[in-house]
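Side chains are part of it too, since the values below use all heavy atoms of this structure and drop only hydrogens, waters and symmetry mates. Naming: A, B, ... by sequence-line order, numbering from 1 per chain.
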Number of protein chains: 2
Amino acid sequence: MNINPKKISNPQLKEQEFSINHQKLIDATIETIAKKGLADTTIAQVAKKAMVSQGYANFRFKSKENLLLSSLKFLSDEYKNSWQRIFEDNNLDPVGRVVKIIENDFSSKIASRNKIAVWVSFYSEVKFRPSYLTICQKQDEIYSSQMEKLIKELNFLTDQTFLTPREISETYLSMVDGLWQRILFDPKMYSHVFCKGLIKKYFKNIYTDEKRFV
Amino acid sequence: MNINPKKISNPQLKEQEFSINHQKLIDATIETIAKKGLADTTIAQVAKKAMVSQGYANFRFKSKENLLLSSLKFLSDEYKNSWQRIFEDNNLDPVGRVVKIIENDFSSKIASRNKIAVWVSFYSEVKFRPSYLTICQKQDEIYSSQMEKLIKELNFLTDQTFLTPREISETYLSMVDGLWQRILFDPKMYSHVFCKGLIKKYFKNIYTDEKRFV
DNA sequence: ACCCATATTGAATGATTATTCAATACAAAA
DNA sequence: TTTTGTATTGAATAATCATTCAATATGGGT
């Protein structure tokens, strides 16, 4: 009798990063952090949700810390990929790119309430955990400078000169962070539609002639 | 011999809320959360920093949870008081009031890196701790509606009609939250001066004729 | 000087939890 | 079938911590 049958191994998936169990554990970690917070996330809970044994979870990720870091890395990579896809799309003009960025930042894939909860959990500890900072900071600087360059093109195409590209991009990025946080508080009031609308209105006010910032 | 002398009681300070030790413990809690995070904040560390015994800290606050809640309440009240002082100041016109609000939101008293770290720590758990939400949410709604009313006066005094008071106030509030979070990441880049400047420029762009949004 | 109420201590307790590891199950190879 | 290497388990361990509480200190009232 075998109440808890062992998982069938898949020899084609030797790489840790691509194994089924690896991703199941990361998904379970994200769900658990979102539901209980970093403090009360235990390996036992995560393992249970991922339907593997506690010992296995630890064996696979070497430590709880490493499991948490891997989950942050997963979110960070997911965001990076969606961002890059927008910046590498040559069919987009500057306005189209900005619109896509806004829509991506409040898409259901990227800005689900669970994922935002995890981001904010890690943000709250970034001050004293250099490992968290390492994962996010470099990317963040890239987003910052790419956004600034994009706004520079936009300003060039319009007669907007009062606000500098830096000001507009920093305002945008901090608004996104703030709205994400507010989604945690009150997801009804700060719906994705509301957030996107608010930001588009911000751009519409700056680039008054542009019809696509509806 | 008395290596650890007991504290001298002060009969005039019977109310828990006003005792010296009460505040010392709250200050120590804020420092500890900022330095280690909610997860790794232990009663022992807080008690040590406040220079009282571990048992005393627990006795005074009944539980760790209650100590954390009291610290959040302290920050929340501190913010509320500074906000109210600005709104009750009859010498201020709408523009002056907005400027004061901005300056308050990035003052060294309100927006110290430690205090921001504590705010963000609690924000990150607000999703599943109703007690945290209770302390913040009602106030937050008040700030929201007072700000909106203030902007309404401002719009009335100017020819600004494109952005609604609601849009401007929500944009402002989310920018503040976002910038606070970014101060945690990179306090050098997101200095108080930079943050205030960015927000004033936002208003300057809307109310172009107003000289005080420098 | 003594008593009493209150303030404060610090060590003990018990619960929780990350981590380890010997035992077991499995799949493929021989 | 038997062997072998890998995957996975689950129970034991050890560390950390919140909480409790009996013991002690203090200062004012008598």
Side-chain angles (χ1 to χ4, degrees), chain A residues 1-26 28-29 32-33 35-71 125 129 131, chain B residues 1-26 28-29 32-33 35-71 125 129 131:
Chain A
M1 194 173 63
N2 198 348
I3 293 182
N4 288 312
K6 305 301 152 69
K7 302 304 168 321
I8 297 162
S9 72
N10 185 338
Q12 289 167 334
L13 298 176
K14 287 242 170 113
E15 282 299 301
Q16 197 187 62
E17 283 68 19
F18 298 112
S19 99
I20 286 284
N21 280 340
H22 183 93
Q23 191 56 43
K24 274 207 300 185
L25 277 164
I26 285 187
T29 304
T32 307
I33 293 175
K35 195 155 117 195
K36 307 242 181 181
L38 279 183
D40 295 345
T41 290
T42 69
I43 299 240
Q45 286 162 350
V46 171
K48 192 177 170 193
K49 200 181 287 270
M51 289 191 297
V52 300
S53 72
Q54 184 174 348
Y56 181 69
N58 217 275
F59 164 78
R60 223 15 160 57
F61 283 88
K62 293 208 322 276
S63 71
K64 180 187 174 182
E65 176 72 1
N66 191 246
L67 174 60
L68 297 178
L69 281 174
S70 301
S71 304
E125 309 226 329
R129 296 214 207 271
S131 47
Chain B
M1 195 173 62
N2 198 348
I3 293 183
N4 288 314
K6 306 301 154 70
K7 301 303 168 318
I8 296 162
S9 73
N10 186 338
Q12 290 168 332
L13 298 175
K14 287 240 170 115
E15 282 299 301
Q16 196 187 62
E17 281 69 18
F18 298 112
S19 99
I20 287 283
N21 279 341
H22 184 92
Q23 192 56 42
K24 273 206 301 186
L25 277 164
I26 286 187
T29 304
T32 307
I33 294 174
K35 195 157 120 196
K36 307 242 182 183
L38 279 182
D40 295 346
T41 289
T42 70
I43 298 241
Q45 286 163 350
V46 171
K48 192 178 170 193
K49 201 181 286 270
M51 289 190 297
V52 300
S53 71
Q54 183 174 348
Y56 181 70
N58 217 275
F59 164 79
R60 223 16 161 56
F61 284 88
K62 294 209 320 277
S63 70
K64 181 186 174 182
E65 176 72 1
N66 191 248
L67 174 60
L68 297 179
L69 280 175
S70 302
S71 304
E125 309 225 328
R129 295 214 209 270
S131 48

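- Atom CD of B:E65 is separated from atom P of D:dC17 by 17 Å (rounded to the nearest Å).
- When side chains are defined from C-beta on, B:E65 counts as touching B:L69, because their heavy atoms get closer than 4.5 Å.
- Rounded to a whole Å, the CZ atom of B:F61 is 12 Å from the P atom of C:dT8.
- Note that CZ of B:R60 is 7.5 Å distant from NE2 of B:H22, once rounded to the nearest 0.5 Å.
- Closest of all the heavy-atom pairs between B:L25 and B:A50 is CD2-CB, 3.7 Å.
- Going from atom CG of A:L67 over to atom C1' of C:dT19 covers 14 Å, rounded to whole Å.
- The shortest side-chain heavy-atom distance between A:Y56 and A:N21 falls under the 4.5 Å cut-off.
- C:dC26 atom C1' lies 13 Å from atom OH of A:Y56, rounded to whole Å.
- Remark: the backbone N or O of B:I20 is not paired with any side-chain donor or acceptor of B:Q23 at under 3.5 angstrom.
- Distance alone, capped at 3.5 Å, is enough to place a donor-acceptor pair between the A:K64 side chain and the A:T41 backbone.
- Comparing the start and finish of the helix from C:dA1-D:dT30 to C:dA30-D:dT1, five pairs each, the helix axis swings through 20°, to the nearest 10 degrees.
- Rounding to whole angstrom units, NZ of residue B:K36 and P of D:dT16 are separated by 12 Å.
- The NE2 atom of B:H22 sits 13 Å away from the P atom of C:dT8 (whole-angstrom rounding).
- Residues passing the side chain to side chain contact (heavy atoms under 4.5 Å, CB included) test with A:K48, sequence neighbours excluded: none.
- When the C1' atom of C:dT8 is taken as reference, atom CE of B:M51 falls 15 Å away, rounded to whole Å.
- Not a single salt bridge (Lys or Arg N to Asp or Glu O under 4.0 Å) links A:K35 to another residue, sequence neighbours left out.
- Residues A:K62 and B:G55 each lie close to DNA chain C; by heavy-atom proximity, the contact nearer the 5' end of the strand is made by B:G55.
- One finds a side-chain N or O of B:N21 lying less than 4.0 angstrom from the OP1 or OP2 phosphate oxygen of C:dT8.
- The one candidate from A:I26, A:L38, A:V46 that meets the side chain to side chain contact (heavy atoms under 4.5 Å, CB included) condition with A:L68 is A:L38.
- In this structure, B:R60 atom CZ and C:dT6 atom P are separated by 14 Å, rounded to whole Å.
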Can you give me the N/O atom pairs linking the protein to nucleotides 12-18 of chain C at distances under 3.5 Å, or say none if there are none?
unit_1: C:dA18; atom_1: OP1; unit_2: A:K64; atom_2: NZ; d: 3.1
unit_1: C:dA18; atom_1: OP2; unit_2: A:I43; atom_2: N; d: 3.0

